[in-house]
> 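Below are the structure tokens for one structure; questions will follow.
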Amino acid sequence: MPEGHSVRRLARQFGDVFAGRRLAVSSPQGRFSGGAALLDGHTLLTAEAHGKHLFLHFDNSLVLHVHLGLYGAWSFGGDRTFTGASSIGAPRRVGEQEAFADGDDDADAAYAGPPAPVGAVRVRLASSHGWADLRGATTCETITAAEAEAVLARLGPDPLRNRRGDAGRFAANLQRRKTPVAALLMDQKIIAGIGNVYRAEVLFRLRLHPWLPGSAVPDTAARKLWRDVVALMNDGVADGRIITTPPKYWTLDGTTAAKAAAVGLPVPARSSSFPSREDAHFVYKRHGLPCRVCRTVVLMADLAGRNLYWCPQCQQE
DNA sequence: GTATAATGGTCAG
DNA sequence: TGACCCTTATACG
């Protein structure tokens with residue numbers, strides 16, 4: 001997925017293009033026809049992200065709750081006032097970033113409404129000036145505000161909110177368990193929004209052994225971990241991509257700011273360039289390659305059904 | 001064409 | 001721990 005940074009960007013985009021708009025809501029695929037009917041013709045008030053959960057609040061006090069899961073993605077389109085990404089969600093290749101519209105379309109063509117749905121579109125939202133299609137989500141449901149609150153109650157602190165006391169709550173959540181820290185970081189009750197890429201990368205950046213029990217993580221390390229996740233995920237929101245390596249590790253074939261602007265990609269937020277796919281991570285999907293820091297071969301192992309990547313030299317207990 | 005992977009989560013046992 | 005759900009792009013016959 002789509003880790004927390006993507007969902008945050010989605011909430012922002014829905015707010016930007018659809019808030020205050022009356023929406024036609026349908027389920028071309030048919031699997032969500034009932035839920036869509038409850039929202040059809042209503043106005044979107046706000047869009048919120050909590051961890052990996054997206055909540056779209058409508059003027060009849062119902063909420064569209066979406067969790068992209070492993071494969072889910074939204075695609076967008078519309079007239080010239082309809083800005084932002086053309087697709088956000090499950091990447092199909094490692095390090096893939098959001099797709100943006102070409103921008104070379106015939107400028108005077110009037111907006112003719114959404115195209116015929118392609119593939120299995122679970123839900124389509126359409127205003128008078130644009131549309132959004134959802135495919136492959138693990139959760140797509142129409143719920144009440146109270147039910148939305150219940151979903152939130154099950155989530156741990158969200159690094160992209162970073163509210164007062166969250167670092168301490170996160171540290172306590174970690175230290176209460178003997179489970180390996182690498183598994184705890186994926187538990188949304190412990191911390192909400194981290195996925196398989198951020199967990200591998202942040203453990204490397206803190207030089208933490210993945211199998212270290214949560215109870216053995218010192219308070220200072222837990223708080224440093226929280227701060228690093230906050231910083232990395234905020235970068236992810238700005239970049240529209242997960243980049244965990246600093247520029248000193250980037251080779252010259254990445255996307256430059258000029259190149260990005262020319263193609264309509266987001267302009268690199270933190271530097272004069274984006275790294276290439278290969279340079280964006282320290283260990284994620286780099287098993288069999290030399291560690292960027294110590295040249296030891298990066299390893300991969302199955303931990304609770306997901307692939308974990310780490311450097312056995314840099315990350316010792 | 002058919003298989004497989006992919007940045008998730010839930011439920012049963 | 002394992003089975004299962006969701007969808008699509010890519011790799012491989």
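Quick caveat, the model's predicted, so the values are computed rather than measured. Labels below follow one simple rule: chain letters A, B, ... track the order of the sequence lines, proteins then strands, and each chain is numbered from 1.
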> Return the value, rounded to whole Å, for the distance between atom CZ of A/R122 and atom P of C/dT8.
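In whole Å, C/dT8 P and A/R122 CZ are 10 Å from each other.
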> Taking CG from A/N307 and P from B/dG8, how many angstroms apart are they, rounded to a whole number?
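One finds 11 Å between P of B/dG8 and CG of A/N307, rounded.
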> Can you list, pair by pair, the side-chain donor-acceptor contacts under 3.5 Å of residues 26-37 of chain A, counting residues two or more places apart and other chains?
| from | atom 1 | to | atom 2 | distance (Å) |
| --- | --- | --- | --- | --- |
| A/S27 | OG | A/G30 | N | 3.2 |
| A/S27 | OG | A/F32 | N | 3.0 |
| A/S27 | OG | A/R122 | O | 2.6 |
| A/Q29 | OE1 | A/R122 | NE | 3.1 |
| A/S33 | OG | A/G30 | O | 3.0 |

> Could you state the atom-to-atom distance from CG of A/L308 to P of B/dA6 in whole Å?
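Checked: the CG to P distance equals 14 Å.
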> A/R12 versus A/V237: any side-chain heavy-atom pair under 4.5 Å?
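Side chain of A/R12 against side chain of A/V237, heavy atoms only: contact under 4.5 Å found.
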> Ignoring hydrogens and angles, state whether a donor on the side chain of A/W250 or A/S276 is under 3.5 Å from an acceptor on the partner side chain.
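No, A/S276 and A/W250 have no side-chain donor paired with an acceptor closer than 3.5 Å.
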> So, is A/H67 near the phosphate of B/dG8, with a side-chain N or O under 4.0 Å from OP1 or OP2?
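No, no such contact exists.
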> Check for me whether A/R207 meets the cation-pi criterion with A/F204, that is, NZ or CZ under 6.0 Å from the six-membered ring centre and within 45 degrees of the ring axis.
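Flagged: A/R207 positioned over aromatic ring of A/F204.
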> Please measure how far the P atom in C/dG13 lies from the corresponding atom in B/dA5, and state the result in whole Å.
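Looking at atom P only, C/dG13 and B/dA5 are 14 Å apart.
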> Using side-chain heavy atoms (C-beta onward) and a distance below 4.5 Å, is A/L184 in contact with A/N173?
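The answer is no, as the side chains (C-beta and beyond) never meet within the 4.5 Å cut-off.
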> To the nearest Å, give me how far apart CG (A/L134) and P (C/dT7) are.
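Rounded to whole Å, this separation is 9 Å.
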> Can you check the distance between B/dT10 and C/dT8, where both ends of the measurement are the P atom (answer in whole Å)?
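Straight-line distance between the two P atoms is 22 Å.
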> So if I take every side-chain heavy atom of A/A120 and compare against C/dT8, B/dA6, B/dG9, which nucleotide ends up nearest?
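Nearest to the side chain of A/A120 among the choices is C/dT8.
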> Look at atom CZ of A/R22 and say whether more than 12 heavy atoms of other residues, nucleotides or ligands are closer to it than 6.0 Å.
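At most 12 heavy atoms, drawn from other residues, nucleotides or ligands, come within 6.0 Å of this atom.
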> Grab the NE2-C1' distance between A/H65 and B/dG8 for me, whole Å please.
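Rounding to the nearest Å, NE2 of A/H65 and C1' of B/dG8 are 12 Å apart.
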> Rounded to the nearest angstrom, tell me the gap between atom CZ in A/R277 and atom P in C/dA9.
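So the two atoms are 15 Å apart, to the nearest Å.
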> Could you check how far CG of A/L155 sits from P of B/dG8, rounded to whole Å?
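The distance from CG of A/L155 to P of B/dG8 comes to 14 Å, rounded to the nearest Å.
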> From the options B/dG9, C/dT7, B/dG8, select the nucleotide whose nearest atom is closest to the side chain of A/R306.
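Per side-chain heavy atoms of A/R306, the pick is B/dG8.
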> Indicate whether the side chain of A/E201 and that of A/T244 have a donor and an acceptor atom separated by less than 3.5 Å.
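Yes, a side-chain donor-acceptor pair sits under 3.5 Å.
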> Near DNA chain B, counting only heavy atoms under 4.0 Å, which residues of residues 195-210 of chain A show up?
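Output list: A/G195, A/N196, A/V197.
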> Within this structure, what is the NE2-to-P distance between A/H287 and B/dA5, rounded to whole angstrom?
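The answer, rounded to whole Å, is 11 Å.
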> At 4.0 Å (heavy atoms only), tell me whether A/K285 reaches a base, stays on the sugar-phosphate, or touches nothing.
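Sugar-phosphate contact only - A/K285 comes under 4.0 Å of backbone atoms but never of a base.
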> Under 3.5 Å, is there an N or O donor on one side and an acceptor on the other linking the side chain of A/T138 and the base of B/dG8?
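Side chain to base: pair found, below 3.5 Å.
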> Between C/dT7, B/dA6, B/dG9, which nucleotide gets closest to the side-chain atoms of A/L70?
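Closest of the options to the side chain of A/L70: B/dA6.
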